[in-house]
> 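Structure in structure tokens, see below.
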2 protein chains.
Amino acid sequence: MSASETRRQIADVADRLFYEHGFEATSFADIARDVGLSRGNFYYHFKTKDEILDAVIARRVSNTRAMLDAWEQAASSPAERIRSFIHILIANRTKIMAHGCPVGTLCNELAKLDHAAKNDAILLFTLFRDWLARQFAALGREADADGLALHILMRSQGVATLFTAFRDEDFIRREVADMEAWLQAQCPAASLLHSRQSA
Amino acid sequence: MSASETRRQIADVADRLFYEHGFEATSFADIARDVGLSRGNFYYHFKTKDEILDAVIARRVSNTRAMLDAWEQAASSPAERIRSFIHILIANRTKIMAHGCPVGTLCNELAKLDHAAKNDAILLFTLFRDWLARQFAALGREADADGLALHILMRSQGVATLFTAFRDEDFIRREVADMEAWLQAQCPAASLLHSRQSA
DNA sequence: GTCTATATAATGATAGAC
DNA sequence: GTCTATCATTATATAGAC
């Protein structure tokens, strides 16, 4: 196997394990086992655990950018794009129930560890924040686009944390519906494109 | 020093360290050092790390109950009591900025570790949930009191997580004001006791 | 590029002197 | 009730054979 391919595979497995069990709780041996490598060979690809974390974050940044680009292409309106964001709570609910939000839980853990990569993880939040703000600006809310972006990001984080704790499907569906209603209320004109409640 | 007093002190220090750095990242040596005990003597008081976690959670449950009781006594109306809850985000903002919400971050970590004490930690959320639901019921929202309680709990979690990441004081103040506005909107009659916006 | 063997430090945990 | 000394295990990390 080529070095770059093995590196990619290690980052792939580490990404999953860091998400499922946390950064601290995941050991080199755990990653090596799941990749099918000896611990010794492992160090040929990554010198330190922090290097793997950097690779995992870089991978997540890249994947997140790709996802946001895909939403940008797939949806025909800013409101519909924001709904794509809201609906990852439903789409990923099984994983969220077990392990929480990948971004929020990583940022929280790295904050507690006061880890050097803390700010790199926060960049993941920033990607969503800026993308959402652009959508709100396109909806005519230039003045408070960033505040609205943070608000919806805040809600997604709160829903994820409580869903991990209480594992209540009704709760997540209710809160997602509430987020959609809130979105409609933010831009009544755009909402007409999708529901004719006031037509 | 008496055994019970030392035990109490260990739980006290462990509570702080688990909050500041996380459960996994805190070692016996860390706790022993901060208490001023040798590692050996440590095991006279607690046999395993999980036992300390149990003691820490029991301590937090007790402290939370005391805080909720104090709010119950201090405030003259259900709406004012709910505002007491909302305002811990402001009162504890320095700690939240550094280490997140003590309840949310512990539940997230124990969920990832699939730890035996996971459900005990969730009880901390349940204390807030049930207390808030009682306040909403007292406001005349018996039918959806639990949903409203989860909603405000969800918001506090989301605000805490994003505040830890972005460390933006304006954000937390804006969201707290928004939570208060939401509260007013839930029970217009009760709100008249505190603001005369519609008088 | 992968392996085995190993170094070193820290972890959770115990035994026994005082 | 506290200490020192120690154990077994695991962790990160390295050396060197193949």
Side-chain angles (χ1 to χ4, degrees), chain A residues 1-57 106 109-110 112-118 120-121, chain B residues 1-59 106 109-110 112-118 120-121:
Chain A
M1 182 126 49
S2 77
S4 71
E5 171 63 14
T6 304
R7 239 189 99 93
R8 204 197 52 72
Q9 224 179 307
I10 290 172
D12 194 57
V13 167
D15 189 350
R16 179 176 58 79
L17 291 177
F18 288 175
Y19 173 45
E20 290 179 356
H21 309 298
F23 172 69
E24 273 276 315
T26 302
S27 71
F28 274 38
D30 294 331
I31 304 170
R33 183 193 0 92
D34 278 24
V35 177
L37 276 179
S38 74
R39 253 172 307 162
N41 185 20
F42 198 95
Y43 286 86
Y44 175 80
H45 302 280
F46 290 96
K47 304 282 174 244
T48 68
K49 200 179 175 185
D50 289 354
E51 254 184 61
I52 306 176
L53 179 58
D54 290 342
V56 165
I57 293 175
L106 181 65
E109 184 177 2
L110 296 185
K112 278 189 201 285
L113 297 175
D114 201 17
H115 194 284
K118 185 172 65 170
D120 297 321
Chain B
M1 181 127 47
S2 76
S4 71
E5 170 63 14
T6 304
R7 241 190 96 93
R8 203 197 52 74
Q9 225 180 305
I10 290 172
D12 194 58
V13 167
D15 189 350
R16 179 176 59 79
L17 292 177
F18 288 176
Y19 173 46
E20 291 179 354
H21 309 297
F23 172 69
E24 273 275 315
T26 302
S27 70
F28 275 39
D30 295 331
I31 303 171
R33 184 195 358 95
D34 277 24
V35 176
L37 276 180
S38 74
R39 252 174 308 162
N41 185 23
F42 197 96
Y43 287 84
Y44 175 80
H45 302 281
F46 291 95
K47 305 283 175 243
T48 68
K49 200 179 177 186
D50 289 354
E51 254 184 62
I52 307 176
L53 179 58
D54 290 342
V56 165
I57 293 175
R59 193 189 129 86
L106 181 65
E109 184 177 2
L110 296 185
K112 277 189 201 286
L113 298 175
D114 200 17
H115 194 284
K118 185 171 65 170
D120 297 321

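Residue numbers begin at 1 in each chain, while the letters A, B, ... track the order of the sequences.
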> Hey, does Phe28(B) reach any base, or is it just sugar-phosphate, or nothing, if we go heavy atoms under 4.0 Å?
sugar-phosphate

> Nearest of dG1(D), dT12(D), dC3(C) to any side-chain atom of Arg39(A)?
dT12(D)

> Send over the distance from Glu24(B) CD to dA11(D) P, rounded to a whole Å.
10 Å

> Nearest-Å distance, OH (Tyr43(B)) to P (dG1(D))?
19 Å

> Does Tyr44(A) reach a base, just sugar-phosphate, or nothing at all? Heavy atoms under 4.0 Å.
base

> Over all strands shown, is Thr26(B) touching base, sugar-phosphate only, or nothing at heavy-atom distances under 4.0 angstrom?
sugar-phosphate

> Classify Ser38(B) by what it touches in the nucleic acid, base, sugar-phosphate, or nothing, heavy-atom distance under 4.0 Å.
base

> Relative to the 5' end of DNA chain D, which residue comes earlier, Gly40(A) or Ala25(A), by the nucleotide with the nearest heavy atom?
Ala25(A)

> With ring centroids as reference points, do Phe46(A) and Phe28(A) lie under 6.0 angstrom apart?
no

> Pick out which of Asp30(A), Val35(A), Leu37(A) makes a side-chain contact (heavy atoms from CB on, under 4.5 Å) with Arg33(A).
Asp30(A)

> To check you understand the geometry: which heavy-atom pair defines the closest contact between Ala11(A) and Val56(A), and what is its length?
O-CG2, 3.8 Å

> Side chain of His45(B) only, heavy atoms from C-beta on: which candidate in dA13(C), dA13(D), dT2(D) is closest?
dT2(D)

> Could you tell me the separation between the CG atom of Asn41(B) and the P atom of dA13(C), rounded to a whole number of Å?
16 Å

> Under the side-chain contact (heavy atoms from CB on, under 4.5 Å) test against Thr26(B), which residue among His21(B), Arg16(B), Glu20(B) passes?
His21(B)

> Provide, to the nearest angstrom, the distance between the CZ atom belonging to Phe46(A) and the P atom belonging to dG1(C).
13 Å

> Among the nucleotides dC3(C), dC3(D), dG12(C), which one has an atom lying closest to any side-chain atom of Lys49(B)?
dG12(C)

> Is the distance from OP1 or OP2 of dA10(C) to the nearest side-chain N or O of Ser27(B) less than 4.0 Å?
no

> Roughly, in whole Å, what's the span from CD in Glu51(A) to P in dT14(D)?
10 Å

> Select one nucleotide: of dT2(D), dC3(C), dA13(C), the one nearest the side-chain heavy atoms of Thr48(B).
dA13(C)

> Could you state the CG-P distance from Asp30(A) to dA11(D), rounded to the nearest angstrom?
6 Å

> Provide, to the nearest angstrom, the distance between the CZ atom belonging to Phe42(A) and the P atom belonging to dA5(C).
20 Å

> Taking Lys112(A) first and then Glu109(A), would you say they form a salt bridge - that is, a charged N and a carboxylate O separated by under 4.0 Å?
no

> Round to the nearest Å and state the distance from Ile10(A) atom CD1 to dT12(D) atom P.
14 Å

